[in-house]
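Just so it is clear, the values below take in all heavy atoms, side chains as well, and ignore hydrogens, waters and symmetry mates. Reminder, nothing fancy here: chain letters follow the sequence lines and each chain counts from 1. The structure displayed is predicted, hence computed values, not measured ones.
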Amino acid sequence: MAQTADEAVRLPFDRELRERVGWLVRLRWLAGLGLVAGSGFGLPLLDLPVPYPLLTVVGFAVLGYNELLFLFGDRLVETLRSQRRAVHVQIALDWLALAATIALTGGIRSPFTVGFVFHLIVGALLLSGPTCYLLTAGAVALTATLGRFTSPVVGGGPTDPLVAVLEGSSASVLDLWLALSFLFVVTTYLATSITTQLRQKEVELAESEQSLDRAYHRMEALHEIGQVVNSSLDLEEVLGLIAEHATGLLQGKASAIRLLDRRGRTLVVGGSYGLSQHYVGKGPVEVGRSGVDAEALEGKVVEVRDVASDARFQYPEEARREGLCSMLCCPMRAKDRTLGVIRVYTGEPREFGDEEQQLLRNLANLGAVAIQNARTYGELQTLDSERVWFARTTHHQLRSPLAAVQSALDALPYAGLVNDAQRDLLGRARRRIQDAFDLIRDLLDLASAQRLDDREPPEPQRLDLALARALAAIGERCKAKGLAFDLDMNLEGWRIPAQSADLERIFANLLDNAVKYTSAGRVGLTASVRDGWLDAVVEDSGMGIEPADLDRVFDSFFRSAAAKASGEIGTGLGLSIVGQLVERLGGTVAIDSVPGRGTRVTVRLPAVAALAQPPGPDADATQAPTPVTQSSA
Amino acid sequence: MRDGKHVILCVDDDQDILASLRLVLESAGYEVVTAATADEGRAALQAARPDLLVVDLMMEQVDAGLSFVSSLREAGVTTPVFFLSSAGDYLYEMADVGRLGADGVFQKPLSPDLLLSVIAGRLGQTAAAATGRAVTSG
């Protein structure tokens, strides 16, 4: 149950009350046991005229009701529907037991009368101040009543067993009663003063805990938004999240973020939270007709007490029907440009404090960064797709005339006999054309490898199929050069989220290099998946790479002096493409080599286990279309 | 067939490719008809009744070759078709050429030996099927 601050100063918190009741039960065990033990064994030794058996009965009664409170205390709270009422029941029982003990041990002159002091202190801890003073009055009245039974000054009655023992004391019963009453009042005053101060501290503590909690939630929200702003380019998602947090942190009813159009005349919804579709779709806000937004766009934070009656608000009727009342509106600015506004609405009249205004400003700034990021990324994407389109078109335009030239050269022998000198020249021409084809292909691959990351991660591709495609012509080429080709591949059931062409290109390029620069011996490919990573090694017993060149082999257009001298055609782009593609796929590539002994390239790529055997696309890809030729040239 | 020769219709907007195709195919004894556009191709198909088509995938418009062949298939023309493609043509990567009933794709630049052996093989099949039909019907 929530307590107001005032209530909290007067009364202990429920949680604390529960803890103290537990403590009281523990103390009561001691009191009960003390009474039973004292009346049964200790006091009879003194041979006082006290009805010990009756005292023992009181002791057992205390233990008995304490046991019941211990077992059924919670149920008592439930039955009475209040912790406080249950405490009243406990205190009433204690007072009855105390009164009985006092009555049995000499009335007002009983040493147990000071027990009231203890009970009053307990009362001050558990109850409100006024209740404590009521209890004090009760204690005063009770001691007077008990005095009636014992003192002839106050009245007659049965003779107390202790009177005889205490006779000869100088204090009269009346004096004793006055002294006790004074003691009770002073005790109550001191105890309640101290507990009131303690409770005041407790309330302050609870308040600072609440404010710390609020600050923590704000930090957390800002952190979460900051992370999303930095990691997501989905503007709708980011603005929706900001609107949601703005509503929650300012304890509002709804929020809306509106973005300024390019001409700066209207504000369109960029994200909202807590608003109906109907309200969101009510139409664009025109800056010229919405005084609130016009002010906010100038850089001010605008507060509206009641949107339905404020002339600066463009859609008062719709807002009233939506149940919106007060509003705080803040500009969203980035790099000295206002990009839009964020508004937080409440359902009831409300004033926003400085702290809340500052919070909304912070949220607005984060939102502005998100908008800026998304716009920049959008422009980048457009540029990037134009670049890819340009590369592809150029690729086709460059290849077409070369293909026509080579087709013509290849057709030449069909036009008649060709002599040896002509055949030699034709061979040279073909090789140079092939050189140009490779360059064009690699440039396109490089452009493709450098494209922006896909917004949607690509469908995972079967690794075995992708590698099989890269291997298509390698066996034949090894055979033609008299090289052994060792293949050790165990990839079934594994996939990699990548474009199939990218995977194929990585391994085709590595294997192409291995075959190209190995004149004798072997070429090998080992590939397996361990701990979710594809480990693939392409190795050869070829000419190797000089240590000084190893750092540069991934640079575009780099060809080592030895590679050039080998007479093999190369563009110097193959490994550069491999490096970029591997990086793009979140993997690593390492190369080590001994000149004259061979080269070993290790590629690691993150793989995923295939959930089920794919029925469709992969199988199709292996069947159709069927290229008649295999040469890439 | 015309004068005992198989007729092959080549459709490509690159006249130099057409010239090479003509040289190679005629050297193997085929009758070659050429067309530079899809429209010319349609007209030549009516006039020459070719036994086989060689069609460039990318002509004056990016998908001209594909749409030309798919319109033929829709019209019920069952003549064997081979596409010509440049490696890296994204149309070739994207289009499901097999579903159009094409018999294969030749990559440019053309390898004359491969071209001739594949075409001879395909026309041989057609001839065998025709003979088979003739025998069963007779």
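Rounded to the nearest 0.5 Å, atoms OH (A:Tyr414) and CG (B:Leu25) are 10.0 Å apart.
With a 4.5 angstrom heavy-atom cutoff, B:Asp12 does not touch chain A via any of its atoms.
With chain B as the partner, the residue from A:Asp410, A:Ile440, A:Leu412, A:Asp445 showing the most heavy-atom pairs under 4.5 Å is A:Asp410. For chain A, the option among B:Ser27, B:Ala19, B:Ala28 with the highest count of heavy-atom pairs below 4.5 Å is B:Ser27. Contact count against chain A (heavy-atom pairs under 4.5 Å) is highest for B:Asp113 among B:Leu115, B:Leu21, B:Asp113.
Taking a 6.0 Å sphere around CZ of B:Arg49, one finds it holds 12 or fewer heavy atoms contributed by other residues, nucleotides or ligands. Within a 6.0 Å radius of CD in A:Gln422, more than 12 heavy atoms belonging to other residues, nucleotides or ligands are found. At most 12 non-hydrogen atoms from other residues, nucleotides or ligands lie less than 6.0 angstrom from NZ of A:Lys479. The number of heavy atoms from other shown groups lying within 6.0 Å of CD (A:Glu568) is above 12.
With A:Ser407 as reference, B:Ser20 is the one residue of B:Ser20, B:Ser111, B:Pro112 to meet the side chain to side chain contact (heavy atoms under 4.5 Å, CB included) rule.
Here the closest heavy-atom approach between residue A:Arg399 and residue B:Lys108 is recorded as NH2-O, 2.9 Å. Counting all heavy atoms, side chain and backbone alike, A:Ala404 lies closest to B:Ile17 at CA-CD1, 3.6 Å. Residues B:Leu23 and A:Ala411 come closest through the heavy atom pair CD2-O, 3.3 Å.
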